[in-house]
Amino acid sequence: MEERYQPHDIETKWQHVWEENHASRVSEDPGKPKYYVLEMFPYPSGRIHMGHVRNYSIGDVVARYKRMRGYNVLHPMGWDAFGLPAENAAIERGTHPEKWTQENILYMETQLKRLGLSYDWEREIATCEPAYYRWNQWIFLQFYKRDLAYKKSSSVNWCPSCETVLANEQVIDGTCWRCESPVSQKELDQWFFRITDYAEELLRDLDSLTGWPDKVVTMQRNWIGKSVGAEILFPVLGSEEALRVFTTRQDTVYGATFVSLAVEHPLALTLCQDTPREVAVKQFVERIKNSGQAARGSEEGEKEGCFTGAYCLNPFTGEKIPIYLANFVLMEYGTGAVMAVPAHDQRDFEFAKKYRLPIRVVIQPKGEVLKADDLADAYVGEGVMVDSGPFTGLANDEGKEKVAAYLEERGWGKKAVRYRLRDWGISRQRYWGTPIPIIYCKQCGIRPVPEDELPVTLPRDVPFTGKGGSPLLESKRFREVECPRCGGSARRDTDTMDTFVDSSWYFLRYASADYALAPFDPDKGRYWMAVDQYIGGVEHAVLHLLYARFFTKALRDLGLAHVGEPFLNLLTQGMVCKETFRCPEHNWLLPGDLMGSEREGWKCPECKKPVEQGRVEKMSKSKKNIVDPEDLVNVYGADTARLFTLFAAPPEKDLEWSDQGVEGAYRFLTRLWRFALQHRERLAGVESAVQKEQSTAELRELRRIIHRTIKKVTEDIESRFHFNTAIAAIMEAFNALSTLAQGGLKLDEEAVLVKEGLDAIVVLLFPFVPHVASELWEQLGHGENLDRVPWPSYSLEALAEEELLIVVQVNGKVRGKITVPADVGRERVETEAVDAPKVKSFIHGKKIHKVVYVPRRLVNIVTEG
RNA sequence: GCGAAAGUGGCGGAAUUGGUAGACGCGCAGGAUUCAGGAUCCUGUGGGGUAACACCCGUGGGGGUUCGAUUCCCCCCUUUCGCACCA
């Protein structure tokens with residue numbers, strides 16, 4: 001008679017029900033509080049992976065929970081559909097990027113639907129559709145109008161393997177973020193977005209992001225990299241020129257004994273022209289330039305330089321000081337020239353030692369006297385200014401202000417603020433992206449495509465060879481156009497935009513995914529924005545999350561958006577990892593998921609070396625340690641997949657995959673299923689009204705557990721998204737119900753209570769395992785679908801304890817436990833504590849020094865001696 | 001090198017404001033059921049110690065504050081992540 005738990009039948013059934021009822025469709029409803037929960041949209045790579053399952057399960061719990069709490073919940077999904085893999089597939093397999101992408105989207109969509117995720121699919125977007133990317137182009141043109149987009153020739157990061165430019169944010173340790181090839185520099189004409197205009201605001205508003213992890217805020221702050229200091233002019237001797245240096249330590253200017261230039265500095269070669277130094281300088285410049293950026297970065301430590309033969313004047317000391325080229329000075333930061341203060345900067349110190357340049361101490365730390373000859377390292381700390389003309393005797397932080405003011409008065413320079421953040425280069429020499437809506441005319445120069453001619457669509461008839469730059473160059477029909485102004489022959493920009501442009505505003509598009517008059521309907525944008533909860537991987541901490549903030553601010557200044565920050569709360573979920581055993585040399589994986597003793601005999605089939613220890617590594621195709629979510633759903637169903645990923649670890653931490661853990665999650669659902677069906681008829685027969693007072697202490701305790709569970713689950717979801725402990729609490733409550741039911745539920749009173757408890761458990765489980773919860777809800781005889789049922793509330797009356805378990809300590813060690821009525825006072829608790837059997841023997845013969853009483857919890861008896 | 005986070009049973013992880021360390025799950029052991037295996041159910045499960053208690057030890061290591069520390073402070077070790085000549 002017992003029906004087995006059949007996840008697939010149940011899941012298919014409820015997915016249909018939800019689809020027919022449009023259970024997750026939303027519209028703007030001013031009568032309800034809105035809640036916008038968003039997970040970072042995926043790249044349509046072909047199949048979903050376990051990281052997606054985790055990300056979207058977390059988001060779905062939040063969405064379903066908030067719906068049950070009465071919020072009008074926007075929970076959309078879409079596709080970050082432009083990008084290189086589609087083009088690579090085209091090159092490798094002869095398919096078209098669009099076809100490949102569309103097929104992947106269709107397949108992954110069914111995969112997501114099988115997980116029972118409660119998206120409003122009517123708002124689905126794909127960034128590769130002209131209806132979407134036309135607004136990339138439109139936004140680009142608005143930026144262009146306001147000088148937020150501009151073109152310049154500059155040295156850019158170039159990935160020779162991907163044959164495209166990379167943004168600074170996309171260069172990781174000198175290598176391409178995607179293919180890990182070493183990145184080189186190339187001089188190219190590129191479009192840039194002026195994100196640096198927003199550097200200060202992007203930095204300042206980080207303080208308002210209290211719902212973001214500190215880690216991400218810190219990373220963004222460091223990335224923006226604000227430095228406050230001064231620019232000082234050092235006149236070049238025998239020339240009209242002056243070297244402009246940037247420093248944050250103008251308080252040490254009296255210790256500047258030389259100046260260092262980057263090899264790319266415009267004066268590097270002119271200073272030594274027609275002098276005996278010319279040859280040596282040229283050789284040095286060539287050598288350093290050719291050593292490549294990666295090498296220059298990694299060869300930290302070895303300072304190298306070359307004297308230019310020229311001198312300049314330190315305006316403060318009036319001294320003539322030499323000008324050097326130095327390998328560690330970067331042209332991209334500051335002015336490409338630095339005043340060198342060897343006594344107070346470690347790099348200058350090493351440089352001065354190597355080239356025997358003078359070292360002059362101008363800051364003395366408190367209670368010490370530094371001597372230049374004795375220094376082993378530069379002193380970079382605080383102190384008092386010495387040998388510093390009129391500033392001698394000032395504390396150095398005060399001196400900073402005074403020196404800066406003084407040099408402005410004298411016209412020797414000015415106060416200055418510098419940022420590490422640089423403008424965002426968005427041109428990409430690839431096909432599968434948004435065409436840049438710009439036309440170049442020999443007569444009229446750079447002409448924007450008129451807005452009513454948007455979108456500029458991608459031509460389909462282009463060859464994909466993987467060679468020779470952008471495929472768009474090959475399409476004559478695309479490339480050759482008329483100038484929108486003079487009608488003469490002109491050519492289109494054949495670059496496409498960085499795909500991070502697409503994802504910089506997609507969260508706004510969801511507010512009105514079909515809107516045809518603007519990127520989004522302003523009224524709807526106003527209703528839904530900002531995103532209340534954003535969920536995704538931490539790898540976007542300075543890429544997507546910074547660009548999206550920039551776009552939101554820029555769109556606000558264009559009068560489109562009305563918020564300055566897109567994401568109020570951010571949850572960065574951890575990676576999905578798996579313990580893997582591999583031969584380090586041959587990359588052989590241990591087969592399956594073997595346990596303890598089984599592992600011991602395993603040897604690499606290539607070299608026969610035994611496997612010693614497993615490593616927990618991120619699941620990835622290249623490491624061959626992935627578990628395919630589709631296999632998992634086929635075997636156990638979506639609810640088990642969801643339950644396991646939510647239960648195994650709190651969302652922000654890495655999750656270690658365990659096949660046994662999955663079994664455990666499945667086992668719990670099976671037990672719950674059997675329990676409900678086994679008692680269904682008995683429970684249906686009892687009076688559903690909850691009794692006010694249970695007749696035994698045991699039953700009253702069970703009722704307390706039920707309500708405590710509701711409270712705990714609510715708080716765990718609400719305050720910190722700790723779904724693992726919420727699920728644990730539900731399991732505990734279920735165990736308590738099972739224990740009671742072992743007696744056969746002979747009394748109606750018992751059955752009523754079990755019914756209350758089981759109903760509560762099923763409702764509480766709905767956000768986590770919506771299919772099985774819905775089915776059980778129906779099986780238990782409830783008419784309405786569970787997705788319409790409000791979140792349960794707990795009763796304070798039911799929570800009230802009748803008796804308290806008080807821990808008794810003697811000198812801080814637990815020696816006994818006593819049970820007292822909840823309403824007794826301190827004196828009686830202490831008396832009983834002292835009288836407790838074990839406690840007595842521990843205080844026997846000793847004088848009681850004091851008694852610490854923590855109400856409702858603990859008594860600590862402190863003895864003398 | 002700088003910055004941040006973390007270190008708890010055989011494993012994943014609990015312990016929300018300093019108050020019974022190890023919830024929940026996995027694994028393991030014993031038992032029931034079964035021809036057998038699997039599944040299921042029951043019991044036990046930090047280490048030492050004991051016939052059983054008692055008791056002792058125990059949250060990376062060492063100090064400190066406190067009646068009491070996984071929790072707060074100082075020093076050190078390890079791991080992970082981020083930045084890495086930013087003047």
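Below, read A as the first sequence line, B as the second, and so on, with proteins coming before strands; counting in each chain starts at 1.
The interatomic distance linking A:Q809 (CD) with B:G68 (C1') rounds to 6 Å, in whole Å. Taking atom CD on A:E663 and atom P on B:U40, their separation rounds to 8 Å, with Å as the unit. Separating the CZ atom of A:F734 from the P atom of B:G25 is a distance of 10 Å, rounded to the nearest angstrom. In this entry the distance linking CZ of A:R422 with P of B:C83 reads 14 Å, nearest Å. In this structure, CD of A:E732 is placed 5 Å from P of B:C24, rounded to the nearest angstrom. To the nearest angstrom, P of B:G12 lies 16 Å from CH2 of A:W657. In this structure, CG of A:D345 is placed 9 Å from C1' of B:C85, rounded to the nearest angstrom. Distance A:K712 NZ to B:C24 C1': 10 Å, rounded to the nearest Å.
Under the 3.5 Å distance criterion, the side-chain polar atoms of A:D423 are matched with a main-chain donor or acceptor of A:T196.
Residue A:K215 places no side-chain atom within donor-acceptor reach of the base of B:C81, judged by atom type and a 3.5 Å distance cut-off alone. Not a single donor-acceptor pair, N or O on each side, falls under 3.5 Å between the base of B:U80 and the side chain of A:K653. Residue-to-nucleotide contacts include no donor-acceptor pair under 3.5 Å from the side chain of A:Q660 to the base of B:G25.
Within the 4.0 angstrom heavy-atom criterion, only backbone atoms of the sugar-phosphate kind lie near A:V862; the bases stay farther away. When heavy atoms are screened at a 4.0 angstrom cut-off, A:R815 is found touching the sugar-phosphate backbone but no base atom. A:N735 comes within contact range of the sugar-phosphate backbone alone, with a heavy-atom separation under 4.0 Å but no base atom that close. A:K817 comes within contact range of at least one nucleobase, with a heavy-atom separation under 4.0 Å. A:D214 comes within contact range of no nucleotide atom at all, as no heavy-atom separation falls under 4.0 Å. Within the nucleic acid shown, A:K618 has no heavy atom closer than 4.0 Å to any nucleic acid atom. A:Q220 comes within contact range of no nucleotide atom at all, as no heavy-atom separation falls under 4.0 Å. Within 4.0 Å (heavy atoms only), A:R347 reaches at least one base atom of the nucleic acid. A:V814 comes within 4.0 angstrom of the backbone, heavy atoms only, and of no base. Base engagement by A:L805 is indicated by at least one non-hydrogen atom pair under 4.0 Å involving a base atom. Looking at heavy-atom distances under 4.0 Å, A:F351 makes no contact with the nucleic acid at all. Backbone-only contact: A:R671 has heavy atoms under 4.0 Å from sugar-phosphate atoms and none from a base.
With P as the reference atom, B:U8 and B:A29 are 25 Å apart, rounded to whole Å. Separation of the P atoms belonging to B:C41 and B:G25 is 11 Å when rounded to the nearest angstrom. A gap of 14 Å separates the C1' atoms of B:G13 and B:A6, to the nearest Å. Rounded to whole Å, the P atom of B:A51 lies 39 Å from the corresponding atom of B:A15. Nucleotides B:U79 and B:U66 place their C1' atoms 31 Å apart, quoted to the nearest Å. Only the P atoms considered, B:A54 is 32 Å distant from B:U65, to the nearest whole Å. Remark: the separation of the C1' atoms in B:A69 and B:G64 is 11 Å, to the nearest Å. Distance check on atom C1': B:A23 versus B:G46 gives 15 Å, rounded to whole Å.
At the phosphate of B:G12, neither OP1 nor OP2 sits under 4.0 Å from any side-chain N or O atom of A:K578. In terms of phosphate contacts, A:R4 brings no side-chain nitrogen or oxygen within less than 4.0 Å of OP1 or OP2 of B:A39. Remark: A:R674 is in phosphate contact with B:C41, judged by side-chain N or O atoms under 4.0 Å from OP1 or OP2. Taking 4.0 angstrom as the limit, A:T725 places none of its side-chain polar atoms (N or O) nearer than this to OP1 or OP2 of B:C24. Considering only side-chain N and O atoms, A:N724 lies under 4.0 angstrom from the phosphate OP1 or OP2 of B:A14.
When the nucleotides B:C67, B:C57, B:G25 are ranked by their closest atom to the side chain of A:F647, B:G25 comes out on top. Here the side chain of A:D716 is nearest to one of B:G19, B:A87, B:U16, namely B:U16. Here B:G27 is the nucleotide among B:G27, B:A87, B:G19 with the atom lying nearest to any side-chain atom of A:R667.
For the pair A:R708 and A:E701, the salt-bridge criterion is met [side-chain N within less than 4.0 Å of a carboxylate O]. Of the charged side-chain nitrogens involved, at least one lies within less than 4.0 Å of a carboxylate oxygen, so that A:K226 and A:E200 count as a salt-bridged pair.
Aromatic ring pairs are classed by plane angle as parallel below 30°, tilted from 30° to 60° and perpendicular above 60°; the pair A:H540 and A:H544 is perpendicular. Using the six-membered ring where Trp is involved, A:W424 and A:Y547 have ring planes that are parallel, under 30° apart on the 30 and 60° scheme.
Both the sub-6.0 Å distance and the 45° axial angle are not jointly satisfied by A:R826 relative to the ring of A:Y853. In this structure, A:K303 is positioned above the aromatic face of A:F328, its NZ or CZ under 6.0 Å from the six-membered ring centre and within 45° of the axis.
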Could you write out RNA chain B as a dot-bracket string, with dots for unpaired bases, | for bases paired across to another strand, and Watson-Crick or G-U pairs counted at under 3.5 Å?
-> (((((((..(((......[....)))((((((.......))))))(((......)))..(((((..]....))))))))))))....
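Under the ring-ring contact (aromatic ring centres under 6.0 Å, His included) criterion, A:F647 pairs with no residue at all, not counting sequence neighbours.
With a glycosidic angle more than 90° from 0, B:G64 adopts the anti conformation.
In this structure, A:E656 and A:Q742 both approach RNA chain B, and ranking their closest nucleotides by distance from the 5' end singles out A:E656. Comparing A:G225 and A:N860 by the nucleotide of RNA chain B whose heavy atom lies nearest to each, the residue mapping closer to the 5' end is A:N860.
Put simply, CZ on A:R674 and NE2 on A:H679 are 11.0 Å apart, with the number rounded to the nearest 0.5 Å.
Side-chain rings of A:F234 and A:W412 stay apart, their centers remaining 6.0 Å or farther from each other. Between A:Y636 and A:F644, a ring centre-to-centre spacing not shorter than 6.0 Å is recorded.
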